[in-house]
Amino acid sequence: MFSQPLQTINQKLFHPVFDEYGLEVYVKREDLIHPQISGNKYRKLKYNLLEAQSQNHHTLLTFGGAYSNHLVATAAAGKIMGFKTIGLVRGEELATKFQQNPTLAYCASQNMQLEFISRESYRFKHTSQMLKKIQNQFGSVYMLPEGGTNALAVKGCEEILTSEDAFFDVICCPVGTGGTLAGLINSSKPHQHVIGFSALKGTDIQEEIRKFASNNRWSIESEDRFGGYAKINANLVTFINQFYDQSTILWDPIYTAKMVFGLIEKIKANQWKQEKKILLIHTGGLQSISGMNQWLYQKGLPSIHQVV
Ligand SMILES: *Cc1c(COP(=O)(O)O)cnc(C)c1O
């Protein structure tokens, strides 16, 4: 794994709104890379795991919440490459019931050692104090930050775009920590604009992106529609299911579905500029659907299609 360069296909996307406005929209199927090490998480782990290997580390340690695609990808890739993996999970209450959580149960099945920490101490996960505590408890480990974003992760994400993608005017990507967007920004062409659709409310994330971005041809859309990170409703579920029925492309509810929903709303509101050729990055993350469906079921809401 990670030794071969990897290119994914661009697939044409159809939607009545795209037709109406004369837009040519494609989706880069990074979700097809691997069922668990999916999309941008493969890109973000690549140079980190190669680095951990060359530093002779045996253990990877990282952080994540109950639906974390990054935890899943780290557990799966770590196992394939022969690393021991440790996941520090947000929320002590999950300790007794993580087997009912599909994301965490999968991590455990890949032999990831799960340590549950309070929301309070999780907030301090990236402080030097926490770092000391981790070193005392776990010894020498290769640490990946929450969401996996660091300079090596950005370098991996610079490999998402290829020379053929110069065809597009604009590139759209969902944003969590912003590492993926930074990679796209850095490898975009001078005539291209990169738009990040945040999975979080607000645009604070811009500061983080600036740390890694090598130009200014980008902007961020805040997630104001559904209430913020991992917040979903029946509207979004219907959108995902209808899109799947019409195109057989499945979007994850936390990141990619909100990007496509946001894009279509922007176009309908006549807030879309001149850009006619649009490339959407499907960053994957489909493993979160089972966990989300449990939540939807408890609320008596319709569930998202699951494709196996
Ligand atoms: C993690 C993730 C993102 C966000 O990536 P960042 O580099 O943290 O911005 C987007 N989409 C999916 C599916 C993800 O799993």
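Whatever order the structure lists ligands and atoms in, that order sets their numbers, starting from 1.
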Novice: Tell me, please: is Val175 in heavy-atom contact with ligand 1, that is, under 4.0 Å?
Specialist: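 It does, in that a heavy atom of Val175 comes within the 4.0 Å cut-off of ligand 1.
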Novice: Check the side chains of Thr8 and Glu30 for a donor-acceptor pair under 3.5 angstrom, ignoring hydrogens and angles.
Specialist: yes
Novice: Has Gly39 got any heavy atom lying under 4.0 angstrom from an atom of ligand 1?
Specialist: no
Novice: Any nitrogen or oxygen of Gly284, side chain or backbone, less than 3.5 Å from one on ligand 1?
Specialist: no
Novice: Number the atoms of ligand 1 from 1 as they appear, then name those within less than 4.0 Å of a heavy atom of Asn69, with their elements.
Specialist: 13 (C), 14 (C), 15 (O)
Novice: Would you say that more than 12 heavy atoms from the other residues, nucleotides or ligands in this model lie under 6.0 Å from the NE2 of His58, or not?
Specialist: no
Novice: Between His193 and Trp218, does the ring centre distance come in under 6.0 Å?
Specialist: no
Novice: Run the numbers for me: atoms of ligand 1, each under 4.0 Å from some heavy atom of Thr180, listed by number.
Specialist: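 Checking each atom against Thr180, I get 5 (O), 6 (P), 7 (O).
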Novice: At what distance, to the nearest 0.5 angstrom, does CZ of Arg123 lie from CD1 of Ile117?
Specialist: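 These two atoms lie 12.0 Å from each other.
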Novice: Do me a favour and list the nearest non-hydrogen protein atom to atom 8 (O) of ligand 1 with residue, atom name and distance?
Specialist: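 Its nearest protein heavy-atom neighbour is Thr177 OG1, 2.5 Å.
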Novice: Note the single closest protein heavy atom to atom 14 (C) of ligand 1, along with its residue, its atom name and the distance in Å.
Specialist: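 Answer for atom 14 (C) of ligand 1: Lys41 NZ, 2.8 Å.
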Novice: So do the side chains of Asn69 and Ser38 get within less than 4.5 Å of each other, counting heavy atoms only?
Specialist: no
Novice: Return the closest protein heavy atom for atom 4 (C) of ligand 1 as residue, atom name and distance.
Specialist: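 Sorting protein heavy atoms by distance from atom 4 (C) of ligand 1 puts Gly176 N, 3.4 Å first.
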Novice: Write out the residue and atom name of the closest protein heavy atom to atom 11 (N) of ligand 1, then the distance separating them to 0.1 Å.
Specialist: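 Going atom by atom, the protein heavy atom closest to atom 11 (N) of ligand 1 ends up being Thr283 OG1, 2.7 Å.
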Novice: What orientation do Phe2 and Tyr42 show, parallel under 30°, tilted 30 to 60°, or perpendicular over 60°?
Specialist: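 Phe2 and Tyr42: tilted rings.
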Novice: Would Lys201 pass as a cation-pi partner of Tyr229, given that its NZ or CZ must be under 6.0 Å from the six-membered ring centre and within 45 degrees of the axis?
Specialist: no
Novice: What's the shortest distance from atom 6 (P) of ligand 1 to any protein heavy atom, and which residue and atom give it?
Specialist: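 Minimum-distance protein heavy atom for atom 6 (P) of ligand 1 reads Lys44 NZ, 3.3 Å.
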Novice: Considering only non-hydrogen protein atoms, determine which one is nearest to atom 5 (O) of ligand 1 and report residue, atom name and distance to 0.1 Å.
Specialist: Asn40 ND2, 2.9 Å
Novice: Counting each atom of ligand 1 from 1 as listed, which ones have a heavy atom of Gly285 under 4.0 Å away?
Specialist: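 That gives atoms 13 (C) of ligand 1.
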Novice: Could you check whether atom CG of Asn136 has more than 12 heavy atoms from other residues, nucleotides or ligands sitting under 6.0 Å from it?
Specialist: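 Yes - once you tally the heavy atoms of other residues, nucleotides and ligands closer than 6.0 Å, there are more than 12.
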